[in-house]
Amino acid sequence: MRGEKSDTPLLSVRGLVKHYRLGGGLFARDHRIVHAVEDVSFDIVPGETLGLVGESGSGKSTISKLIVRLEQPTAGKILFDGVDVAQADERGLRDYRRHVQMIFQDPYSSLDPRMRAGAIIEEPMIIRGGMSQADRSRRLNQLLDLVGLPASARDRFPNEFSGGQRQRIGIARAIALNPRLVIADEPVSALDVSIQAQVINLLQDLQAELDLSYLFVAHDLAVVRHIAHRVAVLYLGRVMELAPSEALYDNPLHPYTRALMDAVPEPDPEHEAGREFAAIEGEIPSAVSPPPGCVFSTRCSMADDGCRKAVPPLREKAPGHIAACFKIPDVAATVAASADKD
């Protein structure tokens, strides 16, 4: 899975913003605004898996829906092969969605219970057009084989499958049109732990065989570590840290990321007993009225008045490792300080 990848982004998200209006009615003057996503930027190169992690309400699923254009961005750009699809018309979206597909979180509600598995997987091919019935049938059998289901599964209804098998049907549907990018929105969170590993291994095998790129959304840090090349950490709609997977897990820089890592249980009881935890105090602020400055400042033990007044930009704190925190020196400053000591 982790072979050579192009440095040219397949997907570039720039300054992505999504606000929702609450209450007040159509003609009301006062509206409350939910700041679901604020100034989010990242790239995904061909063959890469970018993990997107954060607590519930951090904006992970909203970003997924924005990228596949199930939601319209309030501001920002979504560049696919250099073309901004945030402003694409219906014809442009139809072509775009051939190349960008989605695997949904719930394998139960994401499949139509009245349709047989074969019809569910075949539906994107029918909508896209250009394939004969015989070609669709051959492609359907190929897809079932790719996701590890027997050919006889095509004639069964979703209620006749286990949860893991249902998710395999969802994966087959997502790759039916040979997409280049798959958005996986918490694809294993509704599955048993033993089944999670099987589905993750399947996604990795498909990535290697079909040269897929993934945006893998999850709240389980252990799962993300297993599959992602790079990881972006979200908090209240903003990216707090983004780094290669190994660097993030071995040396998390942002205080929020460190607290998330500390919350992951240790399998070794003796090691667990001696651990020190970076506890997060207080409650997550409301997305309707996020705090000024750094959105994590209300819960951060390192925060000062400067943190509460200005939004920290994402800056490179170590080679290839960026974070939004005034308290972490930039890589340029670290290199300069090292040179002065020498």
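As the structure is a computational prediction, the values presented were derived from the model and not from experiment.
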Practice task
Run the numbers on Arg225 and Asp250 for salt bridge (charged side-chain N to carboxylate O under 4.0 Å, His left out), then give the verdict.
Solution key: CA-CA 11 Å; Arg225 183 173 193 171; Asp250 292 344; 3.3 Å; yes

Practice task
Could you give me the CA-CA distance, side-chain angles and deciding distance for Leu146 and Leu144, then say whether side-chain contact (heavy atoms from CB on, under 4.5 Å) is met?
Solution key: CA-CA 5 Å; Leu146 279 172; Leu144 289 171; over 6 Å; no

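- Among all heavy-atom pairs drawn from Tyr235 and Val295, the shortest one is CE2-O, 3.4 Å.
- Across Ile121, Ile127, Ile126, a single residue satisfies side-chain contact (heavy atoms from CB on, under 4.5 Å) together with Glu123, and that is Ile127.
- Between the side chains of Glu186 and His219, at least one donor-acceptor pair of N or O atoms lies under 3.5 Å.
- Nearest heavy-atom pair, Asp84 versus Lys77, reported as atom, atom and distance to 0.1 Å: OD2-CG, 3.6 Å.
- Of the candidates Met102, Arg166, Arg173, Ser110 forms a side-chain contact (heavy atoms from CB on, under 4.5 Å) with just one, namely Arg173.
- Each of Asp81, Ile44, Val45 was compared with Leu10 under the side-chain contact (heavy atoms from CB on, under 4.5 Å) criterion, and only Asp81 meets it.
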Practice task
Test Val83 against Leu79 for side-chain contact (heavy atoms from CB on, under 4.5 Å), laying out the working first.
Solution key: CA-CA 5 Å; Val83 177; Leu79 303 171; over 6 Å; no

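- Residues Arg139 and Gln142 bring a donor and an acceptor atom of their side chains to less than 3.5 Å of each other.
- With salt bridges taken as basic N to acidic carboxylate O contacts below 4.0 Å, none links Arg116 and Asp155.
- Few gaps surround CZ on Arg136; more than 12 heavy atoms of other groups in view lie less than 6.0 Å from it.
- Salt bridge annotation for Lys327-Asp304: present, with a cationic side-chain nitrogen under 4.0 angstrom from a carboxylate oxygen.
- For the pair Arg230 and Glu48, the salt-bridge criterion is met [side-chain N within less than 4.0 Å of a carboxylate O].
- Here the straight-line distance linking atom CD of Gln133 with atom CG of Asp135 works out to 10.5 Å at 0.5 Å rounding.
- Across every non-hydrogen atom of Gln167 and Pro107, the tightest pair is N-CB, 3.7 Å.
- We find the OH-CZ distance between Tyr256 and Arg238 to be 14.5 Å, quoted to the nearest 0.5 Å.
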Exercise for the section: Check the pair Leu242 / Ile322 against side-chain contact (heavy atoms from CB on, under 4.5 Å), numbers first and verdict last. Expected result: CA-CA 5 Å; Leu242 197 160; Ile322 62 176; 3.7 Å; yes

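- Sorted by first and then second residue, the pairs that involve residues 52-87 and meet ring pair (Phe, Tyr, Trp, His ring centres under 6.0 Å), not counting sequence neighbours, are Phe80-Tyr96.
- A 6.0 Å sphere centred on CD of Glu283 holds no more than 12 heavy atoms belonging to other residues, nucleotides or ligands.
- Side-chain contact between Glu38 and Val311 is absent, with no heavy atoms from C-beta onward closer than 4.5 Å.
- Cys325 and Lys317 get closest at one heavy-atom pair: O-NZ, 3.0 Å.
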Exercise for the section: Carefully, step by step, assess His229 and Leu50 under the rule side-chain contact (heavy atoms from CB on, under 4.5 Å). Expected result: CA-CA 6 Å; His229 298 93; Leu50 176 69; over 6 Å; no

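- Looking at Leu177 and Arg97, their side chains never come closer than 4.5 Å, going by heavy atoms from C-beta outward.
- The backbone N or O of Gly15 lies less than 3.5 Å from a partner atom in the side chain of Ser41, making a donor-acceptor pair.
- Linking ILVMFWY residues whenever their side-chain heavy atoms come closer than 4.5 Å, directly or via other members, leaves Val217 and Ile200 in distinct clusters.
- Scanning both residues, Gln165 and Arg156, for their nearest heavy atoms gives OE1-NH2, 4.3 Å.
- The stretch residues 135-167 participates, sequence neighbours left out, in no ring pair (Phe, Tyr, Trp, His ring centres under 6.0 Å) pair at all.
- With salt bridges taken as basic N to acidic carboxylate O contacts below 4.0 Å, one links Arg14 and Asp43.
- Between the side chain of His254 and the main chain of Ala324, a donor-acceptor pair closer than 3.5 Å is present.
- Val233 and Val224 fall within a single hydrophobic cluster, where Ile, Leu, Val, Met, Phe, Trp and Tyr side chains are chained together by heavy-atom contacts under 4.5 Å.
- Linking Ile, Leu, Val, Met, Phe, Trp and Tyr whenever their side-chain heavy atoms come within less than 4.5 Å puts Tyr214 and Val53 in one cluster.
- One finds no salt bridge joining Arg91 and Asp89 here, because no Lys/Arg side-chain nitrogen approaches an Asp/Glu carboxylate oxygen to under 4.0 Å.
- In this structure, a donor-acceptor pair under 3.5 Å is absent between the side chains of Glu71 and Thr62.
- Asn141 and Arg154 share a donor-acceptor pair across their side chains, judged by distance under 3.5 Å alone.
- Across Ala117 and Ile169, no two heavy atoms sit closer than the pair CB-CD1, 3.8 Å.
- Rounding to the nearest 0.5 Å places CG of Leu253 at 7.5 Å from CZ of Arg258.
- If you take CG on Leu143 and CD1 on Ile175, they are separated by 5.5 Å, rounding to the nearest 0.5 Å.
- Here the CD1-CD distance, from Ile120 to Glu122, works out to 11.5 Å after rounding to the nearest 0.5 Å.
- Between atom OG of residue Ser132 and atom CE of residue Met125 there is a gap of 11.0 Å, rounded to the nearest 0.5 Å.
- Looking at heavy atoms from C-beta onward, Pro285 lies out of side-chain contact with Pro290 at the 4.5 angstrom threshold.
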